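Here's the structure we're looking at; comments come further down.
Worth saying up front: this structure is predicted, and the values here are computed from it rather than measured.
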Amino acid sequence: MNTTTGRRREIVVGIDSVREGHLALAWAADEAHHRRLALRLVVAVPPAHDTQHVDDTPRHQARTRRGKDALRAAADWARTRRPDVAVTSALADGPPAAVMAGLAQEAAMTVLGSRHLSRTEEFLSTGSLVVPVTAQARCPVVVVGDAEHTTQDPAYLVVGVDGSESSRAALALAFEEADLRRCALRAIAVWQPPVFTLRTGDTLFHAERRLLSETTAGWAEKYPDVRLTHEVLTGSPVELLADAAEHAVAVVVGRRGRGGYTGMRVGSVVHGLLHRAHCPVITVPTG
């Protein structure tokens with residue numbers, strides 16, 4: 001069993017009870033198949049608000065019915081796609097972001113769909129899950145966009161490497177994914193030239209390439225069947241990683257620390273990729 005998700009037995013996927021979308025569910029079902037894990041489908045129904053002026057019970061009951069219907073349809077679809085995967089479903093009562101963040105503490109992996117909200121919509125929308133769940137999860141979180149993107153043949157994954165502990169965790173998962181999916185892996189470091197330095201640009205650039213090669217060396221030996229390439233690019237990390245992953249199976253990046261409910265500590269690169277990348281974005285917490 002792999003090192004990143006080996007102690008946990010379920011992949012949790014959030015199901016949208018309002019819109020039928022199978023891209024995130026397809027990713028989750030395929031991942032459960034590759035890793036030989038169970039798949040848990042979850043719909044979270046916000047609690048009813050009973051006040052002096054408005055009784056929210058009828059709307060809550062309607063949401064509950066839609067949630068049950070959505071779970072039933074999603075479970076049937078997942079079993080058809082991957083008959084070998086054990087599928088369970090759960091209707092949870094509570095704010096969706098809080099429910100999914102709680103489940104992400106014990107899951108092997110959490111998979112979410114994304115509506116690619118603007119940053120303003122993201123923080124004002126009660127239905128936004130991506131940032132708060134990504135910020136708090138103790139497991140890798142996969143965010144799959146609304147629109148299906150075209151993958152390149154032969155298939156490849158992209159991983160961002162910066163030498164930090166969180167990027168080493170991302171590198172570990174990226175090699176696992178590339179090995180499971182039998183695809184190539186592009187390890188990318190983004191170099192931003194310092195404004196003031198006594199060393200030449202060439203010296204610093206070559207030092208960055210050497211660090212990238214050394215960081216990936218051990219993993220390349222552990223996964224000899226994964227075709228690995230190294231790239232050091234100059235510019236904006238978000239734009240360069242998103243461009244490199246335009247036709248990738250996914251882009252994998254590390255996330256430093258665990259944030260609060262607002263998700264403000266997901267990091268600028270992670271946050272940027274969640275809005276910019278067209279392929280699935282996998283964020284990996286440290287530890």
With distance as the sole test, does R79 use its side chain to make a donor-acceptor pair with the main-chain N or O of V87 at under 3.5 Å?
yes

Would W27 and V249 count as a side-chain contact (heavy atoms from CB on, under 4.5 Å) here? Give the steps.
CA-CA 10 Å; W27 174 278; V249 173; 3.9 Å; yes

Roughly how far, to the nearest 0.5 Å, is NE2 of H34 from CG of D179?
11.0 Å

Minimum heavy-atom distance between L273 and A242, given as atom pair plus value:
CD2-N, 3.8 Å

Please find the pair of heavy atoms, one from L129 and one from A97, that lie closest to each other, and give the distance.
CD2-N, 3.2 Å

Would V253 and L233 show up in the same hydrophobic cluster when neighbours are defined by side-chain heavy atoms closer than 4.5 Å?
yes

Quick one: does R9's side chain get under 4.5 Å of L37's, heavy atoms only?
yes

Grab the two heavy atoms, one from P47 and one from D93, that are nearest each other, plus how far apart they are.
CA-OD1, 3.8 Å

Using only atom types and a distance under 3.5 Å, with no angle test, would you say the side chain of R168 pairs donor to acceptor with the backbone of G163?
yes

Distance (rounded to the nearest 0.5 Å) between L157 CG and L173 CG
9.0 Å

Any side-chain heavy-atom pair of V158 and L241 under 4.5 Å
yes

Please name the pair of heavy atoms, one in I282 and one in A250, separated by the smallest distance, quoted to 0.1 Å.
CD1-CB, 3.9 Å

Return the orientation label for the W219 and Y223 ring planes: parallel under 30°, perpendicular over 60°, tilted otherwise.
parallel

Connected via hydrophobic side-chain network under 4.5 Å: I15 and L23:
yes

Looking only at non-hydrogen atoms, find the nearest pair between E246 and Y156 and report the distance.
N-OH, 4.1 Å

Let me confirm one number: the CG-CZ distance from L91 to R72, rounded to the nearest 0.5 Å.
10.5 Å

Go through the structure and list residues passing salt bridge (Lys or Arg N to Asp or Glu O under 4.0 Å) with D162, not counting sequence neighbours.
R256

Any side-chain heavy atom of R255 sitting closer than 4.5 Å to one from T134?
yes

Mind checking the NE2-CG spacing from H22 to D16? Nearest 0.5 Å is all I need.
11.0 Å

Counting N and O atoms only, with roles assigned by atom type, does the side chain of Q105 sit under 3.5 Å from a partner on the main chain of Q136, one being a donor and the other an acceptor?
yes

Any side-chain heavy-atom pair from I188 and L240 closer than 4.5 angstrom?
no

Can you pull out every salt bridge (charged side-chain N to carboxylate O under 4.0 Å, His left out) where at least one residue sits in residues 234-244? Sequence neighbours excluded, please.
E239-R276, D243-R276

Derivation of the side-chain contact (heavy atoms from CB on, under 4.5 Å) call for V12 and V42
CA-CA 7 Å; V12 174; V42 179; 3.9 Å; yes

May I ask you to decide if R209's main-chain N or O and S213's side chain share a donor-acceptor pair within less than 3.5 Å?
no

Partners of A38 by side-chain contact (heavy atoms from CB on, under 4.5 Å), sequence neighbours excluded?
E10, A86

Taking all non-hydrogen atoms of both residues into account, name the closest pair between S114 and V130 and its distance.
CB-CG2, 4.2 Å

Taking C-beta and beyond as the side chain, do E31 and R181 meet within less than 4.5 Å on heavy atoms?
yes

Quick one, V252 with E177, criterion side-chain contact (heavy atoms from CB on, under 4.5 Å). Give me CA distance, side-chain angles, the key distance, then yes/no.
CA-CA 10 Å; V252 187; E177 284 292 328; 5.5 Å; no

With a 4.5 Å limit on heavy-atom distance, are the side chains of L25 and R81 in contact?
no

Do L228 and F175 make a side-chain contact, defined as non-hydrogen atoms from C-beta onward lying under 4.5 Å apart?
yes

Could you tell me whether D69 and R66 make a salt bridge, using a distance below 4.0 angstrom between a side-chain N and a carboxylate O?
no

Quick one: CZ on R35 to CD1 on I11, what's the gap to the nearest 0.5 Å?
7.0 Å

Side-chain heavy-atom pair V144, V142 within 4.5 angstrom cut-off
yes

If I take atom OG1 from residue T80 and atom CG from residue D76, how far apart are they, to the nearest 0.5 angstrom?
6.5 Å

